[in-house]
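Reading through the structure tokens given below for one structure.
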Amino acid sequence: MIGVRPWFDRARNQLGIPIVGQIFGISLVLMAIGAIFIYSATSALAARDYGDSFYFVQEHFIRILLAIIIGLTISAFDYHHFERISKWAFATSLVTLALMLVLPESVVPRVNGARRWLDLPGLPRIQPSEIARIAVLVYLAAFISRKSELITDFRQGVLPAMIAGFSVALVVLAGRDLGSALTLGTLVWALLWLGGARHRHMAASATVLLSLTAAAIYFSPYRWSRWLAHLRGDADPLGAGYHAKQSLISLANGGWFGRGIGQSWQKYFYLPEAHTDFVFAIVGEEVGVIGASVVLSFYGGLAWLCIRAARDAPDLFGRMLALGAALSLVLNTFLHAAVVSVLIPPTGIPMPLFSYGGTSLAATMLSLGIVMSVAARGKVARAPARNRRQG
Amino acid sequence: MQVEDRTRAAAWVGLVCGIGLVARLFWLQVFAAEELRAAGRGQSKITVTLEAPRGSIYDRDLRPMAHTVGGASPKKDRGGSVISSRGGRVYVGREASAHVVGFVGSDGGGLEGVELSRDEALTGVKGRAVLGRFADRRTIELERRDPVGGGHVVLSLDLELQEAAHNALRAGVEKERAESGSAVVLDPISGEVLAMANWPSYDPGALGRSPIDSRRNRAITDLLEPGSVFKVVPFAAAIDEDLVPGGARIDCGNGKIRIAGRTIRDVHPYESLPFEEVLVQSSNVGTIHVAEIVGPERLYRYSKGFGFGEPTGIDLPGEGRGKLNAPGDDLWSGLSLACLAIGQEVTVTTVQMACAMGVLASGGILVEPHAVLRMLGPHGEVHAVSLRRPVRRVVKPETAARMTRILTRVVEEGTGTNAAIEGVRVAGKTGTAQRAHPEGGYEGGGYNSTFAGYLPDRSPPLVIAVAVIDPREEHYGGTVAAPIFREIAELIVRRDAVRGPRIAPGSALARVRVPSLGGKSIDQARNELERIGLRTRVEGEAGRVSQQEPRPGTALTRGASVLLLAAPSQRDDTMAVEVPELTGLSIRGAHRALLDLGLGLRLDGNGHVIGQLPRAGQRVAPGTVCSVRAEPRSGGAS
């Protein structure tokens, strides 16, 4: 894709690593860095509550291992297989999420107001909305590639896709998980736009999306109070603004280069959810604005690689899959960092590949596995090396 | 290609968002961070002042007289905030030693006595701890500067003797319904004050229960007319100047003499008395005639010589100087010579009386009295030793010896028989002074009863001076003050009989040498001391003996205690310091050099250092006391 292509190809050639390997490599690097911060953020908590400072990080390593296995397994399949199961995956996700609304709290516990976890006996606790995001992604990619010429048509293209995508978002919202619902909604919207939907259709749907979000905030007392606290700045630091305040203190402590790895002071129970929804605040505190920017640039690089894979994809389905994965990655990272830096009110969004949480890790690696599968079948990947320079 | 265009647009949007995010982080983490950082510190850091434990005050045998209990280590209260308490001050001697020891105020600073005069040394250096506080209120220590405990003071007081003096004085004052009284026991050779009691007194641990008036250390602050005790001055002057031939009789004018329009009388009239008998019988008229022989200038010079009219220089706060008029002064009248001779028109403190009597007891030399024997560092290392400070030779040794013989007769056959102790020679002089009436004159002002004396055959010959102000039952010094003297002296005599004089050189009766205990375990050291009849006192955490006081080789009476400072043994190697070369340095220089390394000084001699132990270059634990031998340089060298 145009201006930057020669640089990118040069880089690839000098490294001598195919794009699949680059994606996998950066993912590994991010997960490894993440594990360091997970240890830093949880050691005190683990020592206090479990008597073993490695308790959380050990769990995290097992999950990383599982996520890697999932990613590599998926990348080995031809991504066209997923087109066939996309409907089933989509339907299963929707039903599961809808069922969670009616299941008792023993199975779907309420955590911080939201019911986002499925805690089936004998199985690890999972967050179905994360899996659902990938299902929606694959489903929409299949839908767009199948009806590529109809996507400009409102009735036959945009509307059915939106109904499908937003229905999942609405069900997630009904489970009081605004963060995940917002990510899902934005993902659906952006995918349709990238797929070629008309601008006026997109503007209309964006209006609907924003109105729904506003309504979701206004009609929920705790969201409304968080929103007000956010607008007021650091008013009431012990109430609704507490999370935001502590997150800002963490970042402020970091300065240019940070307090040093493991030297966070805020992790000593001041910063809530330091290993999940606020892990980036610990990054900012321990490695400063420089370190945090480097970490962000890794995500940028990973997203860029996904776009590269999309460009070289052999068909529209593969391209939409890779773009969707990039979107999902960037959206989650951005929203997580936005919560941490108090651009938006606190809401539960894990940092992809970083945060403590198995479902998020698995889902991210699942989507990156799909991208790797696309990249492995891309034009560049299959072309002989010497021809590529002329391309 | 629509998808590619839109992808590119989306990539740009993503890039802009990313840059925006980094800018936001930059703003929060670098530019607008200070206020938030301060908020973070406020919630997670606590600074605690660590009070330094105040040093203790010991008597001469290292029995504690004042010490601090509790405090020092910070404790967490229920709210999670941390406090470091100062601890409470315990006064062992209570009323008996209150005036010398003094007390501390509510801020922990010394307000009276040694607590005041040695406040700086007793107060340590406060420490500081910075604690990190977790959100769940647990704390950890981030930074710590330990407090340095205050140094200790070893007084020359003998707790037992102090209590005896206190009890005797109190009983005497109460029996005579007197206004107040003071008693001082002094070693006239060394200048060490062994006891200093006043009544009324107070309990330093319960200040509210006694009037402020009772807190005065009257023995050094209150001025009184000494009366006949002062007669020793004209007699010593006459003998020292050889003004009265042996066997001469002094006219006693039948108990009456008229000077400058006033008549001065004797209690028992005599026509004339042999020279020495005048003092034995305490004839006013005879003494005035002796004073006339001596003359006003000489009498004034000798009065000054005995230390009257100037502070003794004792190391306790608030000392008075007393009034001594000089011939030629505006206040010197025709009556002045006669009055001075019999101890009127002159005011003294009880401690001045003791020092003056000490001149006769010690062979003619006036010493500066002191109540502090040694200053110790927080770990018991010796920082300073009070040396004997002779002020001047006042009379020739022969004069002092003859005066002692006369004063012995005072007790054996004269006015001081109430001070006599069977089998022991006692020298002393009674005094009964009319007190000046507040409205002028001496009529109806009451009396001061005094007695100052010593045990001339003892070594050292302890001086005891007693003053009772305004007794209502009796008023003669021989009946009011002398019995108090006797009671104190009797205790000294009784104790001597059992274990020999405390500091007597050469007396080996029931005395043992302190063994070297450094490096031994506390239990081992305790056993070793017990075997030879010494008691043990331990300071510090368990471990090994790092310091001992007194040092090895010191002779102690059985039953005395040895102070052991315990220290964990492994610290010694890591913190060891090298002993500096001291030879050739002045005492001051050597002291400074040792203090800088945290070492103590034990001094032998004065002038410049000629020898030291341990030798220079040897590695020793901090707090080790270095013995230094010094000699004055020969005149030509300097």
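All chains are named by letter (A, B, ...) in the order of the sequence lines, taking the proteins before the strands, and each is independently numbered beginning at 1.
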Task: Pick from A:Ala292, A:Gly195, A:Ala44, A:Gly288 with the largest number of heavy-atom pairs that fall under 4.5 Å of chain B - done: A:Gly288
Open item on the list: Please identify, among A:Gly196, A:Ala190, A:Ser293, the residue contributing the most non-hydrogen atom pairs under 4.5 Å to chain B.
Closed with: A:Gly196
TODO: Name the option with the most non-hydrogen atom pairs under 4.5 Å to chain B; the candidates are A:Gly254, A:Gly284, A:Gly300.
DONE: A:Gly284
Task: From CA spacing to verdict: side-chain contact (heavy atoms from CB on, under 4.5 Å), A:Trp256, B:Gln29 - done: CA-CA 7 Å; A:Trp256 278 104; B:Gln29 298 198 257; over 6 Å; no
Open item on the list: What part of A:Leu271 gets within 4.5 angstrom of chain B, counting heavy atoms only: side chain, backbone, both, or neither?
Closed with: neither
Open item on the list: Does any part of the side chain of A:Phe280, heavy atoms only, come nearer than 4.5 Å to the side chain of B:Leu25, both counted from C-beta?
Closed with: yes
- [ ] Please report the C-alpha distance between A:Leu343 and B:Leu21 in whole Å, then the side-chain angles of each, then the deciding distance to 0.1 Å, and finally whether the side-chain contact (heavy atoms from CB on, under 4.5 Å) criterion is met.
- [x] CA-CA 9 Å; A:Leu343 288 167; B:Leu21 192 61; 3.9 Å; yes
Task: Part of B:Arg24 lying under 4.5 Å from any heavy atom of chain A - done: side chain
- [ ] Would you mind checking which part of A:Leu323 comes under 4.5 Å of any heavy atom in chain B, side chain (CB onward), backbone (N, CA, C, O), both or neither?
- [x] side chain
Task: Which atoms of A:Leu251 approach chain B - backbone, side chain, both or neither, heavy atom under 4.5 Å - done: both
Open item on the list: Can you give me the closest heavy-atom contact between B:Ala10 and A:Trp193, atom names plus distance?
Closed with: CB-CZ3, 4.1 Å
Task: Closest contact, heavy atoms only, A:Lys245 versus B:Ala39 - done: NZ-CB, 4.1 Å
Task: chain B contact via A:Val342 - side chain, backbone, both or neither, heavy atoms under 4.5 Å - done: both
TODO: Quick one: pull up OG in A:Ser250 and CG in B:Leu28 and give me the separation to the nearest 0.5 Å.
DONE: 11.0 Å
TODO: Just do the side-chain contact (heavy atoms from CB on, under 4.5 Å) check on A:Arg319 and B:Glu4 with the steps written out, would you?
DONE: CA-CA 10 Å; A:Arg319 169 170 296 185; B:Glu4 279 209 357; 3.8 Å; yes
Open item on the list: Using 0.5 Å steps for rounding, measure from the NE2 atom of A:His199 to the CZ atom of B:Arg6.
Closed with: 4.0 Å
Open item on the list: With a 6.0 Å cut-off (strictly less than), is the heavy-atom count around CZ of A:Phe298, excluding the residue itself, greater than 12?
Closed with: no
TODO: With rounding to the nearest 0.5 Å, note down the distance linking CE in A:Met320 to OG1 in B:Thr7.
DONE: 7.5 Å
- [ ] Check B:Ala33 against A:Ala252 and note the closest heavy-atom contact, atom names and distance.
- [x] O-CB, 3.6 Å
Task: Heavy-atom closest contact (A:Trp304 atom, B:Ala11 atom, distance) - done: CZ3-CB, 4.3 Å
Open item on the list: Just verifying a value: how many Å separate A:Leu335 CG and B:Cys17 SG, rounded to the nearest 0.5 Å?
Closed with: 9.5 Å
